[in-house]
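Below is one structure, written out as structure tokens; comments come after it.
Just so it is clear, the model here is predicted, and its values are computed rather than measured.
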Amino acid sequence: MIRTLAMGLVAVAGFSSLAVAAPRPTDAVRSVEASAQVDPRDGGAQIELANAYVRAGRSGDAAAVYRRALTLDNVMLETRTGDAIWSHQVARHMLARAPVLASR
């Protein structure tokens, strides 16, 4: 099974802040945490959780979850653009590209 991975943020330029209300980071994190708890061995869900932590500014939590994802099965993910990428690739990339994540 291929999971869709939401990489990056969606730009909403041109819309008023009243018309498009972005979810608060804490609400988004809670939602993804609940999904990740359904199957804590799902590498794709762990990558989504780590990404949510990054967006919420929780770099220490993100680093721990990326490291955990590296211990799980390497699953194929799909980006928003339709490209395929492995969960271990994402985790290694994020840990290497963000020194603050790698050091925690």
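- Rounded to the nearest 0.5 angstrom, Arg67 CZ and Leu95 CG are separated by 5.5 Å.
- Closest non-hydrogen pair, Ala91 versus Ala69, comes out as CB-CB, 4.5 Å.
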Worked check of side-chain contact (heavy atoms from CB on, under 4.5 Å) between His93 and Arg97:
CA-CA 6 Å; His93 173 80; Arg97 300 265 301 163; 3.3 Å; yes
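- Closest heavy-atom contact between Ala62 and Val54: CB-CG2, 3.5 Å.
- Among the candidates Asp73, Leu70, Asn74, Asp42, the single residue satisfying the side chain to side chain contact (heavy atoms under 4.5 Å, CB included) test with Ser87 is Asn74.
- Hydrophobic clustering (ILVMFWY, side-chain heavy atoms < 4.5 Å, transitive): Val65 and Leu72 are in distinct clusters.
- Between the side chain of Gln37 and the main chain of Ala34, no donor-acceptor pair closer than 3.5 Å is present.
- Contacts of Glu33 classified as side chain to side chain contact (heavy atoms under 4.5 Å, CB included), with partners at least two apart in sequence or in another chain: Val29, Arg30, Leu49, Tyr53, Arg58.
- For the residue pair Asn51 and Tyr66, a side-chain donor N or O sits within less than 3.5 Å of a side-chain acceptor on the partner.
- With sequence neighbours excluded, no residue satisfies side chain to side chain donor-acceptor pair (under 3.5 Å) with Asp39.
- How far OG1 of Thr71 is from CD of Gln46: 8.5 Å, rounded to the nearest 0.5 Å.
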Tell me, with the steps shown, if Ile47 and Leu77 meet side-chain contact (heavy atoms from CB on, under 4.5 Å).
CA-CA 9 Å; Ile47 295 295; Leu77 305 171; 4.2 Å; yes
